[in-house]
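Take a look at the structure set out below.
A note on names: the letters A, B, ... follow the listed sequences, proteins ahead of strands, and every chain is numbered from 1. Everything numeric in this text was worked out from a predicted model, so none of it was measured. Atom set for the values below is all heavy atoms of this structure, side chains included, hydrogens, waters and symmetry mates excluded.
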Protein chains: 2
Amino acid sequence: MERQAADYRTLSSLKNALHALKCFTPEEPELGITQIADKLGLSKSTVHRVMTTLAEEGFVRRDEQTHRYRLGLSVLSLGGIIMSNLEICREGQHLLEEFVNRFDETVHLAVLEDYATVYVSKLECKHPVQIATHLGRKNPLHCTSSGKVILAYQDSTVIDEVIRRGLRPMTPNTITHPDTLRQLLSQIRKDGYAFSQSELREGVHSVAAPVRDYTRQVIGAVTAVGPAARFTPEKMKSLAKTLVSISKEISHRLGYYERVR
Amino acid sequence: MERQAADYRTLSSLKNALHALKCFTPEEPELGITQIADKLGLSKSTVHRVMTTLAEEGFVRRDEQTHRYRLGLSVLSLGGIIMSNLEICREGQHLLEEFVNRFDETVHLAVLEDYATVYVSKLECKHPVQIATHLGRKNPLHCTSSGKVILAYQDSTVIDEVIRRGLRPMTPNTITHPDTLRQLLSQIRKDGYAFSQSELREGVHSVAAPVRDYTRQVIGAVTAVGPAARFTPEKMKSLAKTLVSISKEISHRLGYYERVR
DNA sequence: CAATCTTGTTTCTCTATGCGGAACAACGCG
DNA sequence: CGCGTTGTTCCGCATAGAGAAACAAGATTG
């Protein structure tokens, strides 16, 4: 009856399926029909059909015992394709490795997408104390070092839009005031790197430096994350220095050339 | 009109979309509407709707210039979830790292899926001469070292089925005779590891050892791949020794305990 | 620089498709 | 051993989605 304004250009059944896929998270990697149906507000029969189809194509895997579902290997394959074709990943991988070998801290490559930073590559340190992050995770721009450093170099319309959407407080440290943010972004442009100190999650610090492509636009960032205890101000400064040089190298490989005048 | 026997339990439109996603490969990461429509034998309008929906949900990304499509970051996110939840990956990662550090050769974790080996994890060596492989890629069982070593420990009905499906020759070296294969599999069970010498692709050799889970079933393999020039018989033997010990360690972490009595 | 392919996008129309509700089956729990 | 769960199947009706074809917007051509 009251269907949502039937958009002639999209497929509602496909949307259902994609939403179903997005229900899976690292915390909840296994779901049953009813759970998914509830999350999406769809009938069990519909979800059942969707999942059967997804399973047939290997996008989802059904446990014969519990009749619950997990993501299937087909999505891994797609993920692999993306990885091998995102230039920023290809070019950055080895440099990240060197970084981890030298500092033994976790590093990421992040890119801007849809007013969020998305981690597209990750290299873990061997420390017993690790920060749980995962590929593809979207984080807000205003409370992460990668987000801020990317945002700092965006067009002011982007910055305005981020502010308009609201600077949601995630911890007591989150920057929630537009003016403070603008001021900080200007400082970041001067420094060439950004910090985040417990602004997204309590006790998690990070440092990030901007990556540019051949159009000179900042499209992503290299960022190191770790626990506050290890990430002292001095250490973060020293990490920043290396991250900046790595980010320049990656930018270079993406066709960016420093000011020629 | 002559629709395909409308299966009441699956969604044809969703299938179309999933097939569309599967059109993307590392070799062809960017596709236009018409290309996809041709590949799938669907009308342009249908594909257009599918792609628009996929794009809206971030599963695909549309280049504003060329109006062609690439995979989007949503699939990366799903891939990340799978990676962090496939026990075999989690447990294997560090061991693979050690292997790469020691031998500087590319290693994979592969699992059995749908009568094929699928690479679920990969660590590249730094050699300039590399073998192009990618995550999620399915390869036949009879002509890869990982495939053979997994197959060797499967129920004989699985082996029969593989043979029934045909031992497709990929190179002059591919084993195409059922008896030869059976004999080799029995040898592999004795050795505890398998080789492949240019059986899948000319000039590409590999070595693999089996990984078991707590049910004692062989569910995957650790495998090293490289160019024939570097992979001499002696070297492969030595790699095999290490791979076997790594595979045992992974199996152990998956709850497998060696024969008790 | 027009003529002509070849893209992608939109419109339209008709019917098979996919929706939800309800009946059914298969567990697991007390 | 029944009751509250699950997941699965059936069914009937409205509508979503398939393709043909018109349309628009670049490319490519000579």
Side-chain angles (χ1 to χ4, degrees), chain A residues 1-25 28-72, chain B residues 1-25 28-72:
Chain A
M1 288 287 111
E2 14 75 40
R3 186 91 315 134
Q4 66 277 33
D7 191 346
Y8 84 97
R9 53 173 62 206
T10 59
L11 303 192
S12 59
S13 62
L14 174 52
K15 261 190 191 170
N16 291 340
L18 301 180
H19 290 157
L21 284 175
K22 287 184 177 176
C23 286
F24 294 89
T25 64
E28 262 188 323
E30 198 177 297
L31 297 169
I33 296 278
T34 313
Q35 268 174 86
I36 300 175
D38 286 350
K39 282 190 196 234
L40 302 183
L42 294 171
S43 71
K44 284 197 294 174
S45 18
T46 302
V47 173
H48 183 257
R49 257 183 314 247
V50 165
M51 298 311 286
T52 307
T53 314
L54 287 171
E56 253 184 25
E57 298 293 331
F59 280 74
V60 111
R61 210 173 161 55
R62 130 127 130 260
D63 185 324
E64 284 307 331
Q65 310 298 320
T66 65
H67 286 208
R68 306 179 75 199
Y69 295 84
R70 294 175 157 272
L71 291 173
Chain B
M1 296 286 110
E2 13 76 41
R3 187 88 319 131
Q4 65 276 32
D7 191 344
Y8 82 97
R9 53 174 61 206
T10 59
L11 304 192
S12 58
S13 62
L14 174 51
K15 261 191 192 169
N16 291 340
L18 300 179
H19 290 157
L21 283 176
K22 288 184 178 174
C23 286
F24 295 88
T25 65
E28 263 187 322
E30 197 175 298
L31 298 168
I33 296 277
T34 314
Q35 266 172 88
I36 300 174
D38 286 350
K39 283 192 195 230
L40 302 183
L42 294 170
S43 70
K44 284 197 296 174
S45 14
T46 302
V47 173
H48 184 257
R49 254 184 316 249
V50 166
M51 299 312 287
T52 308
T53 313
L54 287 172
E56 253 185 25
E57 297 293 330
F59 280 75
V60 110
R61 207 172 163 59
R62 132 129 128 257
D63 186 323
E64 285 307 332
Q65 310 299 319
T66 65
H67 285 208
R68 305 179 78 203
Y69 296 84
R70 294 175 158 271
L71 291 173

Output one line per pair: protein atom, nucleotide atom from nucleotides 9-12 of chain D, and distance, for all N/O pairs under 3.5 Å.
unit_1: D:dT9; atom_1: OP1; unit_2: B:R9; atom_2: NH2; d: 3.0
unit_1: D:dT9; atom_1: OP2; unit_2: B:R9; atom_2: NH2; d: 3.2
unit_1: D:dC10; atom_1: OP2; unit_2: B:Y8; atom_2: OH; d: 3.2

**Request:** Using the test side chain to side chain donor-acceptor pair (under 3.5 Å), find all partners of B:T46 that sit at least two apart in sequence or belong to another chain.
**Result:** B:S43
**Message:** Going by the rule salt bridge (Lys or Arg N to Asp or Glu O under 4.0 Å), which residues pair with B:R49 if we only count those two or more places apart in sequence or in a different chain?
**Reply:** none
**Fill in**
When rounded to whole Å, the CD1 to P distance for the pair A:I36 and D:dT8 reads 11 Å
**Asked** Out of D:dG19, D:dG7, D:dG17, which nucleotide sits closest to the side chain of A:I33?
**Response** D:dG7
**Message:** My understanding is that only residues two or more places apart in sequence, or in another chain, count here; which of them pass salt bridge (Lys or Arg N to Asp or Glu O under 4.0 Å) with B:E28?
**Reply:** B:K39
**Residues forming a side chain to side chain donor-acceptor pair (under 3.5 Å) with A:Q35, sequence neighbours excluded** = none
**Asked** B:N16 side chain N/O closer than 4.0 Å to the phosphate oxygens (OP1, OP2) of D:dG17?
**Response** no
Check residues 58-65 of chain A and write down every donor-acceptor pair under 3.5 Å in which the side-chain atom is one partner and the other belongs to a residue at least two apart or another chain.
unit_1: A:R61; atom_1: NH1; unit_2: B:E113; atom_2: OE1; d: 3.1
unit_1: A:R62; atom_1: NH1; unit_2: A:Y69; atom_2: OH; d: 3.1
unit_1: A:D63; atom_1: OD1; unit_2: A:Q65; atom_2: N; d: 2.7
unit_1: A:D63; atom_1: OD1; unit_2: A:T66; atom_2: N; d: 3.4

**Item:** Contacts of A:A17 that satisfy side chain to side chain contact (heavy atoms under 4.5 Å, CB included) - sequence neighbours left out
**Value:** A:V50, B:L14
**Prompt:** Atom CG of A:L11 to atom P of D:dG19: distance rounded to whole Å?
**Reply:** 11 Å
**Request:** Identify the two heavy atoms, one from A:T53 and one from B:R9, that lie closest to each other, and give their separation to 0.1 Å.
**Result:** OG1-O, 4.4 Å
**Item:** Those residues that, when tested against A:H67, pass side chain to side chain donor-acceptor pair (under 3.5 Å) (two or more places apart)
**Value:** none
**Prompt:** Can you check the B:K15 NZ to D:dG17 C1' distance for me, whole Å?
**Reply:** 16 Å
**Request:** Rounded to the nearest 0.5 Å, what's the gap from CD1 on A:I33 to CE on A:M51? Could you check?
**Result:** 6.0 Å
Could you go over nucleotides 3-5 of chain C and give all protein N or O partners under 3.5 Å, atom names and distances?
none

**Asked** Considering residues at least two apart in sequence or located in another chain, which fulfil the salt bridge (Lys or Arg N to Asp or Glu O under 4.0 Å) criterion with A:K22?
**Response** B:E57
**Message:** By nearest atom, which of the nucleotides D:dG19, C:dG18, D:dT8 is closest to the B:S13 side chain?
**Reply:** C:dG18
**Asked** What is the distance from CG of B:L14 to P of C:dT17, rounded to the nearest Å?
**Response** 14 Å
**Asked** How would you list, by chain and number, every residue that makes a side chain to side chain donor-acceptor pair (under 3.5 Å) with B:S13, sequence neighbours excluded?
**Response** A:S13
**Asked** Whole-Å distance between C:dT9 P and B:M51 CE?
**Response** 11 Å
**Prompt:** Listed in order of residue number, which residues of residues 63-71 of chain A have a non-hydrogen atom at under 4.0 Å from DNA chain D?
**Reply:** A:H67, A:Y69
